[in-house]
Peer 1: 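I have a structure here, written as structure tokens, and I will follow up with some questions on it.
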Amino acid sequence: MTETPDGPDTPLSARVSAPERLPHPAHPDVAVWRGATVDDVDAIHAVIAAADRVDHPTWVTPREDVADTFALPDVDHLADTALGFTADGDPIAVGSVMRHPDTSATLKVHLDGAVHPRWRRRGIGGRLLAWQSDRARQVLAASDLALPGEVHLYVHDGNDGAVVLAERAGMTTERWFTTMERDMSRPVPEPDVPDRVSLYAFDPMWDEAAREARNDAFRDHWGSLPTPPERWAQFTGGAFLRRDLSTLAVVEDRIVAFCLASVNEDDWVTLGVSNSYIDLIGVVRDHRGEGLAPLVISRTLRAIAAAGLERAVLDVDTASPTGANALYERLGFTPTERDRVFVSRF
């Protein structure tokens, strides 16, 4: 997938070519391909969880994450998902194509999916990614917006088969994200808190203000787009966010920094230790350089330690404009794994 000669001032519908009709993939080992419905949550999760245990054995996608996608108003699973079954009705492959709801700066499409490890090395993944690529083109070509178009695919380092397929599809690696872990038996620094700054646990009264702070803090981060209210509500109201472990820094009734953490006990089995995952760390742009990030991270780390959890885990963009990876290293985090992001631009 490559951009046409016309620039982004031309509507995507005039720049992107796509098939008018798109049947689901065809493969001799897959008896049935079809779009997914909400009744397929367990089938989808079965494929993804089996693949997770091979592709990145330290964490498994929660079933809730799959179910949440069916509550999103802007996702049409029948059109945007290909779910493959054996003749006996066992799910063996799934691929999705999801457009980000925000179109203020770009139209971004995210590809996700997996082939069950028992059914790999047969060409199923190649057929599936070809279908996803064509469906992504259709999504872009359906838009009359004069915006850049992007298609993103995350691949865990070591998943060589997925790397080969992405490169064959014409996608290129644009970014690396590193997973970092901290042993919570190590002492946690406790920096001085300036008088004008108040640190709080994440009370629900701050939900919308926190969304606004998140969107401001991540405006200049690679690949980030604003999070709309409905997706933020899924995150803050979901099963895993731990408000008691999360931290807000407030100045004059405004959130200026945050560190939001979650706990998924299923990850304890795969990682081998109890842990909390730090989902989001950010400082609003007009308060950067004031030492707020170490404040909120340190409070969250102390809360994680007080809860008796053995490890803190986060992911960081290796080319972060804020130098976040160096900060995390100073706070005791060490790198463990990596993911690359393949991108096609239009």
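For clarity, every value in this text was computed on a predicted model and none was experimentally measured. We're numbering straight along the sequence, starting at 1.
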Peer 1: Testing the basics here: between Arg137 and Ser17, what is the closest heavy-atom pair and its distance to 0.1 Å?
Peer 2: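 Where Arg137 meets Ser17 most closely, the heavy atoms are NH1-O, 3.0 Å.
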Peer 1: Can Arg214 be said to sit on top of Phe218's aromatic six-ring, NZ or CZ under 6.0 Å from centre and within 45° of the ring axis?
Peer 2: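 Satisfied, under 6.0 Å and within 45°.
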Peer 1: Under a 3.5 Å distance rule, please check whether His56 uses its side chain to pair with a backbone N or O of Thr58 as donor and acceptor.
Peer 2: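 Answer holds: no.
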Peer 1: Do Thr86 and Asp88 have side-chain N/O donor and acceptor atoms under 3.5 Å apart?
Peer 2: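 Note: Thr86 and Asp88 side chains miss the donor-acceptor criterion.
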Peer 1: Within the distance-only criterion (no hydrogens, no angle test), does the side chain of Gln132 pair as donor or acceptor with the backbone N or O of Ser96 below 3.5 angstrom?
Peer 2: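 Yes, Gln132 side chain to Ser96 backbone: donor-acceptor pair under 3.5 Å.
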Peer 1: Is it true that the side chains of Thr178 and Thr318 contain a donor and an acceptor less than 3.5 Å apart?
Peer 2: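 Per modelled atom types, Thr178 and Thr318 side chains form no pair under 3.5 Å.
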Peer 1: Looking at Val188, is its backbone amide N or carbonyl O close enough to the side chain of Arg302 to form a donor-acceptor pair, meaning the two atoms are under 3.5 Å apart?
Peer 2: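 The answer is no, because no donor-acceptor pair under 3.5 Å joins these two groups.
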Peer 1: Taking His27 for the side chain and Arg122 for the main chain, is one N or O donor matched with an acceptor at less than 3.5 Å?
Peer 2: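 Checked: pair present.
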Peer 1: Quick one: does any side-chain atom of Lys108 pair with a main-chain N or O of Gly223 as donor and acceptor, under 3.5 Å?
Peer 2: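 Confirmed, Lys108 side chain pairs with Gly223 backbone.
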Peer 1: Look at the side chain of Asp40 and the backbone N and O of Val38, then say whether any donor-acceptor pair between them is shorter than 3.5 Å.
Peer 2: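 Answer holds: no.
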Peer 1: Can you tell me if Arg135 uses its side chain to pair, donor with acceptor, with the backbone of Val97 under 3.5 Å?
Peer 2: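 Looks like no, no N/O pair under 3.5 Å.
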Peer 1: If I compare all heavy atoms of Ala136 with all of Val109, which pair ends up nearest, and what's the gap?
Peer 2: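 Residues Ala136 and Val109, closest heavy atoms: CB-CG1, 4.0 Å.
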Peer 1: Ile304 and Arg311: which non-hydrogen atoms are nearest, and at how many Å?
Peer 2: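 Distance-wise, the nearest heavy atoms are CG2-O, 4.3 Å.
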Peer 1: Are any of the side-chain nitrogens in Arg231 or Asp74 under 4.0 Å away from the carboxylate oxygens of its partner?
Peer 2: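 Here Arg231 pairs with Asp74 in a salt bridge, since their nearest N and O are under 4.0 Å apart.
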Peer 1: Less than 4.5 Å apart, side chain to side chain, heavy atoms only: is that true for Ser246 and Leu280?
Peer 2: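 In short, these two side chains do not touch, never coming nearer than 4.5 Å.
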Peer 1: Would you confirm whether Asp52, through its side chain, and Thr61, through its main-chain N or O, come within 3.5 Å as a donor-acceptor pair?
Peer 2: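 Looks like yes, one N/O pair under 3.5 Å.
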Peer 1: Are any side-chain N or O atoms of Ser13 and backbone N or O atoms of Ala141, one a donor and one an acceptor, separated by less than 3.5 Å?
Peer 2: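 Pair absent, no side-chain N/O of Ser13 close to backbone of Ala141.
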Peer 1: Does Arg211 count as lying over the ring of Trp232, i.e. NZ or CZ under 6.0 Å from the six-ring centre, within 45 degrees of the axis?
Peer 2: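 No, a cation-pi geometry is absent between Arg211 and Trp232.
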Peer 1: Kindly say whether Leu271 contributes a backbone atom to a donor-acceptor pair with the side chain of Trp59 at under 3.5 angstrom?
Peer 2: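 Such a contact is absent between Trp59 side chain and Leu271 backbone.
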Peer 1: May I ask you to say whether Arg288 pairs ionically with Asp220, meaning some side-chain N is under 4.0 Å from a carboxylate O?
Peer 2: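 Between Asp220 and Arg288 there is a salt bridge, with a charged N closer than 4.0 Å to a carboxylate O.
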Peer 1: Judged by modelled atom types alone, do Tyr277 and Asp315 share a side-chain donor-acceptor pair under 3.5 Å?
Peer 2: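 The criterion, which ignores hydrogens and geometry beyond distance, is satisfied for Asp315 and Tyr277.
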Peer 1: Determine, step by step, whether Glu174 and Arg345 satisfy the salt bridge (Lys or Arg N to Asp or Glu O under 4.0 Å) criterion, reporting the C-alpha distance in whole Å, the side-chain angles of both residues, the deciding distance to 0.1 Å, and the verdict.
Peer 2: CA-CA 11 Å; Glu174 285 202 8; Arg345 296 187 178 274; 2.7 Å; yes
Peer 1: Could you go through Arg196 and Glu290, starting from their C-alpha distance and side-chain angles, then the distance that decides it, and tell me whether this counts as salt bridge (Lys or Arg N to Asp or Glu O under 4.0 Å)?
Peer 2: CA-CA 12 Å; Arg196 64 192 184 88; Glu290 299 177 10; 2.6 Å; yes
Peer 1: Examine the side chains of His156 and Asp55 and answer whether a donor and an acceptor come within less than 3.5 Å of each other.
Peer 2: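 No, Asp55 and His156 have no side-chain donor paired with an acceptor closer than 3.5 Å.
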Peer 1: Centre-to-centre under 6.0 Å for His152 and Trp222, is that the case here?
Peer 2: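 Aromatic pair counts; centres sit under 6.0 Å.
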